[in-house]
Structures are given as structure tokens and as C-alpha cells.
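I have placed the structure first, in the form of C-alpha cells, so that the comments after it can refer back to it.
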Amino acid sequence: MQDQDIKSVKTEIVGDIALVCVDNPPVNALSVHVRRGIQDAVAEINTAQSAKVIVLYAAGRTFIAGADITEFGKPPMAPALPDLLNEMEQSAIPVVCVLHGTALGGGLEVALASHARVGIKGLRIGLPEVLIGLLPGAGGTQRVPRLAGIPVALDMALSGRQVPAQEALEMGLLDALEEGDPRDVALKAGQEALDGKLVTRRTDMIETKPDDAALDAARQMAARKFSNLVSPQRCIEAIAASTGPIADGLKIERKAFMDCLDTPQRAGLIHAFFGERAVANIPEKKAPPREINAIGVIGGGTMGSGIATSALMAGLPVTLVEVKEEALERGIATITKNLDGGVKRGKLSQKQRDAMVANLKGATDLAAFSDVDLVIEAVFEQMDVKKEIFTTLDSVCKQGAILASNTSYLDINEIAAVTSRPADVIGLHFFSPAHIMKLLEIVVGDKTAPEVVATGFALAKRLKKIGVRAGVCDGFIGNRILAHYSKTASYLVLDGATPQQVDDALEAFGFAMGPHKVGDLAGLDIGWMTRKRKAADRSPEERYAGAVADRICENGWFGRKAGRGYYIYDEGDMHPNPAVAEIIAKEREEAGITSRTFTDEEVVDRYMTAMIVEAARVVEDGIALRPVDVDVVFLSGYGFPRFRGGPLHYADTIGAAELVRRIEDYAKEDAYYWQVPTLLRDMAASGKSFDDINKGG
Ligand code: 3HC
């Protein structure tokens with residue numbers, strides 16, 4: 001069936017009221033058949049004069065959630081949404097919209113172009129287009145200022161936040177708030193419009209009140225906060241144009257929208273949007289998840305406390321176990337502090353916080369886990385300690401309880417092997433701070449049962465995290481790739497760049513923080529320990545990347561917590577540590593390196609190529625299910641710039657052939673480190689992209 005033939009809009013005449021229902025599951029997106037359906041319905045009712053008021057509402061769980069994002073980047077199909085909405089606004093028979101669920105983007109714009117808006121309790125409205133590299137493109141930048149003022153339009157369009165119904169009513173974006181089933185409310189709203197109780201009016205007839213101060217403040221904020229993004233500035237200029245005739249403002253908005261539609265940023269952000277949903281598509285998705293009503297956490301350090309906080313925030317009772325009373329008290333204090341932080345940031349009410357604290361129990365004996373459904377071990381990374389813990393857990397936990405380790409690189413199969421229930425053992429790798437970071441790597445061992453994997457994904461959802469399935473290897477998806485490309489940053493420094501240049505170049509590329517700043521923040525001692533652990537396995541052919549960092553650590557300069565590392569931290573001020581320059585100079589001299597210069601572009605190219613190389617191997621080895629899984633890991637756990645879509649989406653913008661050429665070029669300097677992955681070589685030969693692989697190609 002052609003898109004055009006799908007019937008997703010139905011009209012029902014009840015007395016003088018025409019009920020027009022949009023039914024396009026799952027979220028009533030404005031696909032071409034919906035646009036056509038609305039256009040035909042409004043035109044037919046006007047021609048036939050079959051009613052005195054039209055009420056538009058939606059079936060299913062939500063009103064229209066926006067334009068159909070899958071249509072972006074494809075040839076446009078008439079009617080374009082802005083044209084449809086102009087026609088609807090000019091309808092002689094007034095149109096009332098009844099909104100439930102979420103009215104977002106184009107969905108809200110449909111409502112803004114109608115003649116009155118009635119919300120149903122629980123509704124949230126928003127203009128999330130900037131989050132996908134766009135701006136409201138069907139009148140949102142012109143009609144929100146007319147109905148609610150420029151400051152509201154700026155706030156909604158630049159934050160993309162979902163505004164609760166009551167606030168929307170107070171802003172003037174809703175005319176009434178009701179309770180009930182959408183069709184019943186639609187009938188009532190239609191009757192009230194006929195009776196004159198619900199006032200209908202054309203939004204384009206309202207004038208926008210000028211507000212230059214708000215616009216200037218927004219321009220400054222956008223320059224500061226969204227310096228890498230195109231759409232926020234364009235959005236502000238469109239809103240600024242709302243004080244003139246609407247036809248002119250709509251033209252400016254349209255041009256800005258079409259320009260943004262053409263950017264790689266839009267493609268990157270939409271890849272991120274769909275990627276976050278695609279990672280839930282796992283081989284185990286049909287397995288029934290086990291019920292989780294109570295959780296145990298072992299270890300009250302930063303990770304364990306963060307995991308416990310996250311579970312408490314999701315309403316789960318938590319038992320925390322630490323070996324000593326003192327450590328237990330510290331863990332409980334950290335969790336309480338995390339929850340207090342939630343109250344301060346407005347994420348939790350005092351009442352919610354109190355209920356969560358009451359849901360937390362502490363113990364110093366693993367026997368306290370006899371009744372929990374899932375235990376997450378978060379003690380330090382030592383295999384023999386973990387094995388001892390899992391042996392005990394196996395004997396104290398009830399049948400069917402899931403035993404999870406938060407290890408960031410150890411072998412889950414080896415841990416599972418000490419238990420009598422390897423099918424119930426899984427890796428749940430959280431990222432610090434665990435109550436804030438979105439990523440959860442779900443590490444599936446050889447014997448992990450499908451329903452245990454499904455439970456991991458269900459838990460991720462409940463904790464409001466993004467679960468990504470990973471196979472067993474040293475470092476899983478994220479840390480394995482990190483271990484590889486972080487060496488590039490060190491090689492660049494050894495060969496002539498400064499740590500600050502590397503950081504600045506990567507921050508300009510879009511990373512929230514350069515790798516040396518991240519190292520300082522995480523603690524340089526962590527990498528130092530890892531290098532020592534892996535020293536014996538290092539191939540003699542490998543160029544050692546850790547020399548500078550080792551010297552820094554030998555001075556006890558572990559980064560931010562020590563007041564110095566690559567940088568010196570002085571009461572909010574941060575500047576490069578001059579002693580590091582001396583260390584680098586000495587290391588270069590000892591290694592006989594003649595220092596050379598790198599452009600910022602070269603820095604970014606080498607760093608990104610190294611990341612892509614190991615990411616390709618992770619896909620090739622089946623550690624990640626698809627390239628998009630790697631992308632989502634980096635977007636949600638490693639501060640990768642979202643507008644670039646993730647390392648392998650970015651790789652597609654370069655192309656496999658060019659990547660192979662680059663790697664071969666770098667290999668002239670270091671043939672051990674720079675090796676072309678087989679997958680990438682095959683892709684270069686066949687012309688395939690990572691996106692083709694995502695699509696099953
Ligand atoms: N277009 C196409 N598909 C969409 C979509 C959209 N706008 N919004 C959601 N979907 C799809 C999802 O990909 C998912 O598909 P899947 O089941 O195959 O994975 C399915 O609908 C359900 O979505 P969620 O899993 O996200 O469901 P939730 O209930 O968790 O969330 C939601 C619902 C809040 C509506 C969320 O999907 C969302 O935020 N959607 C995007 C809204 C948006 O960005 N709208 C603006 C679009 S741009 C625009 O309107 C331009 C205009 O100004 C011209």
C-alpha cells in the first residue's frame with residue numbers, strides 16, 4: 001500500500017460537531033497520509049458545511065508527537081505541514097484541538113494553528129526540534145510568541161523541555177484543561193465552542209509583543225552554551241521575526257528550518273534519537289524478564305553508592321552491604337547526600353527523598369541478601385575478591401536471584417564459573433556517577449540466560465537508563481575502545497603537541513572535555529594502575545604510551561583530587577601544569593624524539609581514526625551487536641558530541657576508503673598501532689557504510 005492510501009484520519013459528524021480523529025500509531029506522527037487526511041477532512045467539512053465546529057483529537061496513547069522524523073532527508077511530499085496549517089488557520093469553520101499525552105513539535109504546531117486548545121490532564125507540550133538539530137518549522141516560532149510571548153517561545157524552543165499542562169494553561173498556550181477520554185472531551189469542547197463558552201480565534205491575528213532584552217539574552221546564552229550548534233541561533237532569529245507580519249516570519253522560519261534540515265548535525269542528532277531506541281532490539285527481547293522487587297548492592301564506594309541511589313530513585317528497596325560498619329556508614333552517608341542533591345536540583349521532593357531513605361537498609365553480612373531479586377557487586381576490580389563474593393552469593397541468594405557484577409573489564413564468564421548458576425550471572429556496568437549517567441552496559445556471558453538479559457534491559461528502563469548489550473572482552477564496548485584511542489592522545493603529546501592543544505582541539509570538535517582534563521577528573525592513578533596491571537601483556541612491538549602520565553603519577557599528581565595533574569587547580573582556576581611540560585621534554589629527549597607540530601585538524605583526525613579503528617574491531621568481533629550500539633555507548637557514557645551521532649556515524653561521514661588511506665598513512669610511523677581492521681577494509685572495497693550494517697546489510 002502507498003503511504004497516500006493509508007487512512008489514518010477519520011471524520012465523525014455528531015450534530016453540529018465534526019470530530020476529526022488522527023489514528024497513526026504508535027505516536028500519531030504527522031506522516032504524509034496524516035497531513036493529507038487532515039487537509040481533506042477540513043476542506044470537505046468546509047465545502048459540505050456539514051458542521052459548525054471541527055474538533056481535532058487523537059486516538060491511542062498520545063496526541064500528535066510531531067513531524068514524522070523518518071521522512072526527513074527524503075524527497076518532500078505534499079502537503080507540507082506549514083501549508084496545511086495555514087489552510088487550517090484560515091478555515092471558516094473554527095477548529096478546536098483536544099490534546100492528551102504529549103503534543104510535541106509539529107503536533108503542538110497543529111494545535112497552535114487551530115482556533116482553541118483544550119488539554120487533558122497529564123498532557124505535556126513541547127518544541128523539542130532543537131534536540132534533533134532543527135527548529136519549529138510549521139509556525140511554532142511565530143505562533144507561540146503571539147499566544148504566550150517571546151520569553152516563553154525562547155524557553156520552549158531552546159530547551160526543548162516538556163511543559164506540564166497546568167503551566168501551559170498559565171502561559172496561555174491552552175484555553176482549558178479537562179479530564180476524561182479524548183473523544184468525550186472533544187465532544188464537550190465542540191459544544192462549548194458552539195455555546196460561546198470556549199472562545200475561538202485565529203492566532204495569526206494576534207500581535208507579538210516585542211522583547212529585545214529577552215532576545216539578546218537568548219543570543220548570548222546560545223553563543224555560550226550551543227556554540228557548536230546551528231539550529232539554536234537560527235531559531236532565535238525566527239522568533240525575533242514574529243513581531244512583523246506572520247507571512248514574513250513564516251518565510252524566515254521556513255528558510256531556517258530547511259537550512260538546518262540539510263546539516264550533518266541534523267542527521268547526527270536524529271541518528272542518536274533512533275539509536276537510543278534501536279539498542280533495545282536484542283536477540284533476547286522476547287524472553288520474559290524476571291520480576292525485580294528488591295535489590296542488593298555490595299560496596300559503598302562511589303560506584304556502589306551511585307548504583308544504590310539510582311535504584312532507590314526508581315522506587316526499589318535497596319540493601320547495601322559493606323564489610324565494615326564504618327565503610328557501611330560512609331556508603332549510607334554518600335547515598336543520602338546524593339538524594340539530598342536531587343532535592344536541591346529540584347529532581348526530588350523532600351517527601352520522595354524521605355521515602356527513598358526509608359527504603360534503604362544496611363548490613364555487613366552478605367546473608368542480608370537472602371530475599372533480594374538481584375544483587376549488584378561493586379567492589380574493587382580484583383578477580384579473586386570477586387570470585388569469593390560470588391561464591392558466597394551463590395550460597396546465600398534465593399533460587400532465581402540474578403547475580404550481577406559492575407566490573408568494568410573483568411571476565412564475566414570466569415566470575416560466573418564459580419557459581420552453581422552461571423545462567424543467572426550477568427555484567428551490569430554502570431558509569432560514574434551512576435545515579436546520573438545514562439549508560440548501562442549489559443554484559444552477556446556465554447551462559448547467561450535470555451530472561452536474565454531481558455531483565456537487565458527492563459532494569460535499565462526502570463532506572464531511566466539506556467541499556468546496551470555487550471559481549472565479554474577486556475573493557476567490553478566502551479572501555480576497550482577507550483583503552484585503544486587514548487594512546488593516540490599520549491602519542492600526539494610525545495611527538496610534539498601539548499596536552500592543552502589536544503584538549504582544546506577535541507573540545508572544539510565537540511567533546512565536553514578533552515582527554516587530559518577527563519584524566520585529571522577521573523584520577524590519573526586509575527590509568528596508572530591499569531597500565532601496571534597490563535604491563536606483562538604488553539607486546540614488545542607496542543610503543544609505550546604511558547611514560548608522561550607515569551611520571552606525573554610518580555609525583556602524586558593524580559589530577560583534580562590532588563590539586564594538580566596535567567593542569568593545576570586553584571580555587572576554581574585551572575591552568576596547565578608547567579612541570580608537565582618539563583616531564584614531556586625529558587621524555588622526548590630520552591626517547592630521541594624530534595618534536596613536530598600538529599594542526600588541530602590533525603589532532604582530531606588521528607584521535608577519531610583511532611577510535612573508529614577499535615570500534616570497527618568491536619563490531620567485527622561481535623562484542624557490539626551493531627555499529628549503532630557503539631555510537632550509543634559513546635553518546636551516553638563518554639561525552640561524545642551528540643550532534644556528530646557517535647563514532648561510527650561520524651566514520652560514515654568520512655567513508656571507509658578514506659579511513660583506510662589515513663590508517664595506512666599513519667602506519668608508516670607506527671605499523672603496530674595503526675592496523676586496518678578487516679571489517680573496514682572490506683567496507684572500503686564494497687562501498688558499504690556502517691549505516692548499511694545497522695540496517696542489516
Ligand atoms: N517520528 C517518527 N517516529 C517516531 C517519532 C516521530 N516524531 N516519535 C517517536 N517515534 C517512534 C520511535 O522511534 C519508536 O519507534 P520504535 O517503537 O520502532 O522504536 C516509537 O515511535 C515509540 O517512541 P518511544 O519509544 O520514544 O516512546 P515513548 O512513549 O518513550 O516516548 C515520545 C514518546 C515522547 C513521543 C517520544 O517518542 C519523542 O520524544 N518523540 C520525538 C518527538 C519529537 O522530536 N517531535 C518533533 C519532531 S520534529 C518536528 O515536529 C518538526 C516540525 O516542527 C515541523
Side-chain angles (χ1 to χ4, degrees), residues 3 8 22 24-35 38 58 60-74 76-77 79-86 88 99-113 122-144 153 156-164 231 234-235 238-239 250 253-261 263 265-267 269-282 285 438 457 460-462 464-467 626 628 632 642 694-695:
D3 269 358
S8 48
V22 175
N24 184 30
V27 295
N28 290 315
L30 286 158
S31 317
V32 62
H33 47 88
V34 174
R35 300 198 297 277
I38 296 175
R61 58 174 156 147
T62 180
F63 188 71
I64 302 164
D68 183 342
I69 304 176
T70 60
E71 286 183 5
F72 294 155
K74 295 183 187 158
M77 284 176 284
L81 188 60
D83 300 338
L84 163 65
L85 297 190
N86 290 342
M88 201 177 88
L99 319 173
H100 75 289
T102 39
L104 302 176
L108 179 58
E109 288 171 308
V110 169
L112 296 168
L123 166 75
R124 300 174 83 83
I125 64 166
L127 295 172
E129 288 89 342
V130 281
L131 306 178
I132 50 171
L134 293 169
L135 63 148
T141 66
Q142 304 304 303
R143 294 190 178 98
V144 173
M156 287 180 65
L158 294 178
S159 70
R161 78 183 173 99
Q162 292 186 7
V163 176
S231 75
R234 301 295 302 267
C235 180
I239 292 173
L250 286 172
E253 178 195 81
R254 193 73 198 144
K255 166 93 177 64
F257 183 83
M258 296 312 282
D259 288 349
C260 289
L261 203 55
T263 59
Q265 300 194 343
R266 188 274 305 159
L269 288 163
I270 288 183
H271 175 74
F273 176 86
F274 284 119
E276 284 171 356
R277 286 152 180 84
V279 289
N281 192 4
I282 49 162
K285 72 176 175 214
K438 284 252 167 235
F457 275 81
K461 201 164 184 187
R462 198 153 161 197
K464 297 202 171 72
K465 300 206 182 289
I466 301 170
R626 297 146 294 220
V628 69
V632 172
R642 194 172 168 87
N694 284 329
K695 290 181 179 137

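Whatever order the structure lists them in is the order used to number ligands and atoms, beginning at 1. As a basis for the values below, the full set of heavy atoms in this structure was taken, side chains included, without hydrogen atoms, waters or symmetry mates.
Atom CG of residue Leu134 and atom CZ of residue Arg234 lie 12.0 Å apart, to the nearest 0.5 angstrom. For the atom pair Leu135 CG and Leu261 CG, the distance stands at 10.0 Å (nearest 0.5 Å).
Set against the non-hydrogen atoms of Asp68, the atoms of ligand 1 under 4.0 Å away are 1 (N), 2 (C). Atoms of ligand 1 lying under 4.0 Å from at least one heavy atom of Phe274, given by number and element, are 13 (O). Heavy-atom contacts of Pro128 reach the following atoms of ligand 1: 43 (C), 44 (O), 45 (N), 46 (C) (cutoff under 4.0 Å). Taking every heavy atom of Pro136 and a limit of under 4.0 angstrom, the matching atoms of ligand 1 come to 53 (O). When each atom of ligand 1 is checked for a heavy atom of Pro26 under 4.0 Å away, the hits are 20 (C), 21 (O).
Shortest contact from atom 4 (C) of ligand 1 to any protein heavy atom: Val27 CG2, 3.9 Å. Annotation: atom 1 (N) of ligand 1 to nearest protein heavy atom, Ile69 N, 2.9 Å. Scanning all protein heavy atoms for the shortest distance to atom 39 (O) of ligand 1 gives Leu104 CD1, 3.9 Å. Protein heavy atom nearest atom 40 (N) of ligand 1, with residue, atom name and distance: Phe273 CZ, 3.5 Å. Scanning the protein for heavy atoms near atom 12 (C) of ligand 1, the closest one is Arg277 CD, 3.8 Å.
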(request) List the steps and the verdict of side chain to side chain contact (heavy atoms under 4.5 Å, CB included) for Leu112 and Val144. (result) CA-CA 7 Å; Leu112 296 168; Val144 173; 3.5 Å; yes
(message) Apply side chain to side chain contact (heavy atoms under 4.5 Å, CB included) to residues Val27 and Arg61 and explain how you reach the verdict.
(response) CA-CA 7 Å; Val27 295; Arg61 58 174 156 147; 4.0 Å; yes
(request) Test side chain to side chain contact (heavy atoms under 4.5 Å, CB included) on Phe257 and Thr141 and set out the steps. (result) CA-CA 11 Å; Phe257 183 83; Thr141 66; over 6 Å; no
(request) Any chance you could lay out the side chain to side chain donor-acceptor pair (under 3.5 Å) test for Ser31 and Asp68, step after step, and finish with the verdict? (result) CA-CA 5 Å; Ser31 317; Asp68 183 342; 2.8 Å; yes
(message) Applying side chain to side chain contact (heavy atoms under 4.5 Å, CB included) to Leu104 and Arg124, what does each step give before you reach the verdict?
(response) CA-CA 8 Å; Leu104 302 176; Arg124 300 174 83 83; 5.8 Å; no
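Heavy atoms only, all atoms of each residue included: Val34 and Ser8 are closest at CG2-OG, 3.4 Å. What you find for Ala103 and Leu108 is that their closest heavy atoms are O-CB, 3.7 Å. When all heavy atoms are compared, the tightest approach of Arg254 to Pro82 is NH1-CG, 3.3 Å. Pro136 and Cys235 make their closest contact through CD-SG, 4.1 Å (heavy atoms, listed as atom of the first residue, atom of the second, distance). When all heavy atoms of Asn28 and Val22 are compared, the pair lying nearest together is OD1-O, 3.4 Å. Heavy atoms only, all atoms of each residue included: Glu71 and Val32 are closest at OE2-N, 2.9 Å.
Any N or O atom pair closer than 3.5 Å counts here, and Glu109 shares at least one such pair with ligand 1. Of the N or O atoms in Phe72, none lie within a sub-3.5 Å distance of an N or O in ligand 1. On a distance-only criterion, Arg61 and ligand 1 share at least one N/O pair closer than 3.5 Å. At least one N/O-N/O distance between Gly137 and ligand 1 falls below 3.5 Å. Among the atoms of Gly106, some N or O lies under 3.5 angstrom from an N or O of ligand 1. Checked against a 3.5 angstrom limit, the closest N/O atoms of Ala67 and ligand 1 fall inside it.
Distance check on atom 32 (C) of ligand 1: every protein heavy atom falls at or beyond the 4.0 Å cut-off. Using a 4.0 Å threshold on non-hydrogen atoms, atom 21 (O) of ligand 1 counts as touching the protein. Distances from atom 10 (N) of ligand 1 to the protein include at least one heavy-atom value under 4.0 Å. Less than 4.0 angstrom separates atom 26 (O) of ligand 1 from at least one non-hydrogen atom of the protein. Checking atom 15 (O) of ligand 1 against the protein gives no heavy-atom contact under 4.0 Å.
In this comparison of Lys461, Glu276, Glu129, the heavy atom closest to atom 51 (C) of ligand 1 sits on Glu129. Nearest to atom 42 (C) of ligand 1 by heavy atom, out of Ala65, Gly126, Gly66, is Ala65.
Using a 4.0 Å heavy-atom cutoff, Leu134 is absent from the residues neighbouring ligand 1.
Salt bridge status for Arg143 with Glu253: absent, with no side-chain N to carboxylate O gap under 4.0 Å.
Residue contacts with ligand 1, taken as heavy atom pairs separated by less than 4.0 Å, involve Ile132 solely via side-chain atoms from C-beta onward.
Looking only at side-chain heavy atoms (C-beta outward), Leu30 and Glu109 stay at 4.5 Å or farther from each other.
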